[in-house]
Amino acid sequence: MLAVQAVHTGGPEVLKAVEVEVPSPAAGQILVKHHAIGLNYIDTYHRSGLYPLKLPAVIGLEAAGVVEAIGETVTRFRPGDRVAYNGTLGAYAQAAVVPADRAVKVPDGVSLETAAAAMLKGMTAEFLVRRCFHVKPGDRVLIHAAAGGVGQILVQWCKALGATVIATAGSKAKLAVAKDLGADHLIDYSDEDIAAQVAEITNGQGVAVVYDGVGKDTWDASLKSLSRRGTLVTFGNASGPVPPFPPLDLGAKSLFVTRPRLFDYIATTEELDESAAALFAVLASGAVKIDIGQTFPLAEARAAHEALEGRKTTGATLLVP
């Protein structure tokens with residue numbers, strides 16, 4: 001079968017399409033034939049070496065498809081079930097074996113394409129707004145990269161929870177996307193001072209929480225945009241990792257900073273099922289819609305990475321086997 005490996009660390013050029021054997025599920029595993037594969041920024045971190053892997057390796061952490069076979073002791077699924085998963089390396093392939101306790105059934109009414117695009121990004125948004133920081137009606141929130149895959153979900157989910165959303169993006173076109181999703185205020189970080197604009201919008205009060213998947217380039221502005229006892233959730237490194245900083249920087253307003261990982265919020269099967277249920281419920285309600293902005297053939301994963309890192313994508317990106 002076709003798979004895409006990172007043969008060593010580096011840029012998108014290190015991704016190579018290769019032929020590998022179709023794996024067989026061992027005890028506790030299922031074999032999933034992929035219909036769609038999610039592209040996520042964490043894939044670029046694995047490829048670049050920011051998050052080290054033993055290479056060469058088939059990368060990718062998210063996909064949806066149909067169960068082809070089950071291993072011994074598996075009772076959670078049967079062949080033919082529609083399933084999705086995240087957090088299991090090896091998704092850039094036509095099929096993959098996945099621990100049965102790390103996959104979830106895709107309910108009727110949710111397409112496999114939507115599930116593949118929503119699992120990692122949607123579960124990330126779920127824990128960010130419901131558990132990492134509990135967004136409440138009336139909260140002011142600042143969402144960076146609001147036209148991106150996670151950003152679009154965050155904008156919609158925060159609005160559904162009754163928050164006032166300030167969205168940032170790097171172009172007028174991307175800000176228009178955020179506006180269409182319900183953002184109350186827009187900031188173009190390519191030519192506007194984020195912190196100054198937030199101060200003006202909030203009459204100097206700042207925001208209760210900043211959701212920052214950009215990293216280095218927005219770090220200072222994020223801190224300056226917070227209200228007293230505000231929370232900065234730095235959950236991504238699109239512009240590079242945040243530089244070291246002295247804790248004293250947080251003292252002026254008694255700020256909180258957290259660097260969460262999704263996998264610490266879905267570590268158990270029970271947490272995984274709860275997160276998936278919350279995600280699928282908000283999708284079914286129509287409060288959150290998944291925009292699949294672009295698709296690439298699996299063999300063209302390199303081009304997909306180039307588009308993602310070049311900030312030429314909007315919404316979710318899928319690889320199609």
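Quick note: residue numbers are just sequence positions, from 1.
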Engineer: Looking at E19, I'd like to know if its CD atom is crowded, meaning that more than 12 non-hydrogen atoms belonging to other residues, nucleotides or ligands lie closer than 6.0 Å.
Structural biologist: yes

Engineer: Hey, is D188 close enough to K174 for a salt bridge, meaning N to O under 4.0 Å?
Structural biologist: no

Engineer: Which heavy atom in K54 sits nearest to a heavy atom in A57, and how many Å separate them?
Structural biologist: O-CB, 3.5 Å

Engineer: Taking all heavy atoms of V104 and all of D273, pick out the closest pair and write down the distance.
Structural biologist: CG1-OD1, 3.7 Å

Engineer: Do L319 and L298 have side chains that get closer than 4.5 Å, going by heavy atoms?
Structural biologist: yes

Engineer: Using a 3.5 Å distance criterion without hydrogens, assess whether the side chain of R131 forms a donor-acceptor pair with backbone atoms of Y265.
Structural biologist: yes

Engineer: Do S275 side-chain atoms and L272 backbone N/O form a donor-acceptor pair below 3.5 Å?
Structural biologist: no

Engineer: If Ile, Leu, Val, Met, Phe, Trp and Tyr residues are connected whenever their side-chain heavy atoms lie under 4.5 Å apart, and connections chain through other members, are V106 and V66 in the same group?
Structural biologist: yes

Engineer: Give me the atom names and distance for the closest heavy-atom approach of A145 to V214.
Structural biologist: CB-CG2, 4.0 Å

Engineer: Please walk me through it: do E274 and T268 pass side chain to side chain contact (heavy atoms under 4.5 Å, CB included)?
Structural biologist: CA-CA 10 Å; E274 181 182 351; T268 68; over 6 Å; no

Engineer: Taking atom types as modelled, find out whether Q205 and S227 have a side-chain donor-acceptor pair closer than 3.5 angstrom.
Structural biologist: no

Engineer: Please report the closest heavy-atom contact between E113 and L318, naming both atoms and the distance.
Structural biologist: O-CD1, 3.7 Å

Engineer: When you look at V282 and I153, which way does the side chain to side chain contact (heavy atoms under 4.5 Å, CB included) test go after all the steps?
Structural biologist: CA-CA 10 Å; V282 80; I153 300 172; over 6 Å; no

Engineer: Verify whether one side chain among Y189 and D217 offers a donor that lies under 3.5 Å from an acceptor in the other.
Structural biologist: no

Engineer: So if you build clusters from Ile, Leu, Val, Met, Phe, Trp, Tyr with side-chain heavy-atom gaps below 4.5 Å, do V209 and L142 land together?
Structural biologist: no

Engineer: Does one hydrophobic cluster hold both Y45 and V7, with members joined at side-chain heavy-atom distances below 4.5 Å?
Structural biologist: no

Engineer: Other residues, nucleotides and ligands only: do more than 12 of their heavy atoms fall within 6.0 Å of CZ on R228?
Structural biologist: no

Engineer: Is a side-chain donor or acceptor of E68 paired with a backbone partner of V32 at a separation under 3.5 angstrom?
Structural biologist: no

Engineer: Kindly check if the number of other-residue, nucleotide or ligand heavy atoms within 6.0 Å of NZ (K136) is above 12?
Structural biologist: yes

Engineer: Check the hydrophobic clustering (I, L, V, M, F, W, Y; side-chain heavy atoms under 4.5 Å; chains of links allowed) and say if M123 and L112 are grouped together.
Structural biologist: yes

Engineer: Pair V165, D184 - check side chain to side chain contact (heavy atoms under 4.5 Å, CB included), show working.
Structural biologist: CA-CA 5 Å; V165 172; D184 299 284; 4.0 Å; yes

Engineer: Is it true that a side-chain atom of T231 and a backbone atom of F256 form a donor plus acceptor pair closer than 3.5 Å?
Structural biologist: no

Engineer: Donor-acceptor check, side chain of H34 to backbone of A93, threshold 3.5 angstrom: yes or no?
Structural biologist: yes

Engineer: What is the minimum heavy-atom distance between M119 and A84, and which atoms define it?
Structural biologist: CG-CB, 3.6 Å

Engineer: Hey, are T168 and H144 close enough side-chain-wise for a donor-acceptor pair under 3.5 Å?
Structural biologist: yes

Engineer: Given 3.5 Å as the limit, does a donor-acceptor pair link the side chain of R229 with the main chain of K253, or not?
Structural biologist: no

Engineer: Classify the angle between the aromatic ring planes of F235 and Y211 as parallel (below 30°), tilted (30 to 60°) or perpendicular (above 60°).
Structural biologist: perpendicular

Engineer: Given 3.5 Å as the limit, does a donor-acceptor pair link the side chain of E300 with the main chain of P297, or not?
Structural biologist: no

Engineer: Hey, is the main chain of L39 close enough, under 3.5 Å, to the side chain of T317 for a donor-acceptor pair?
Structural biologist: no

Engineer: Could you state whether V288 and V135 fall into the same hydrophobic cluster, counting links through intermediate Ile, Leu, Val, Met, Phe, Trp or Tyr residues with side-chain heavy atoms under 4.5 angstrom apart?
Structural biologist: yes

Engineer: Tell me the closest heavy-atom pair linking P241 and L50, and the distance in Å.
Structural biologist: CG-CD1, 4.5 Å

Engineer: Has D264 got more than 12 heavy atoms of other residues, nucleotides or ligands less than 6.0 Å from its CG?
Structural biologist: yes

Engineer: Salt bridge check: are E306 and K312 linked by an N-O gap of less than 4.0 Å?
Structural biologist: no

Engineer: How far apart are the C-alpha atoms of L61 and H46, what are their side-chain angles, what is the distance that settles it, and do they pass the side chain to side chain contact (heavy atoms under 4.5 Å, CB included) test?
Structural biologist: CA-CA 10 Å; L61 294 173; H46 286 148; 3.7 Å; yes

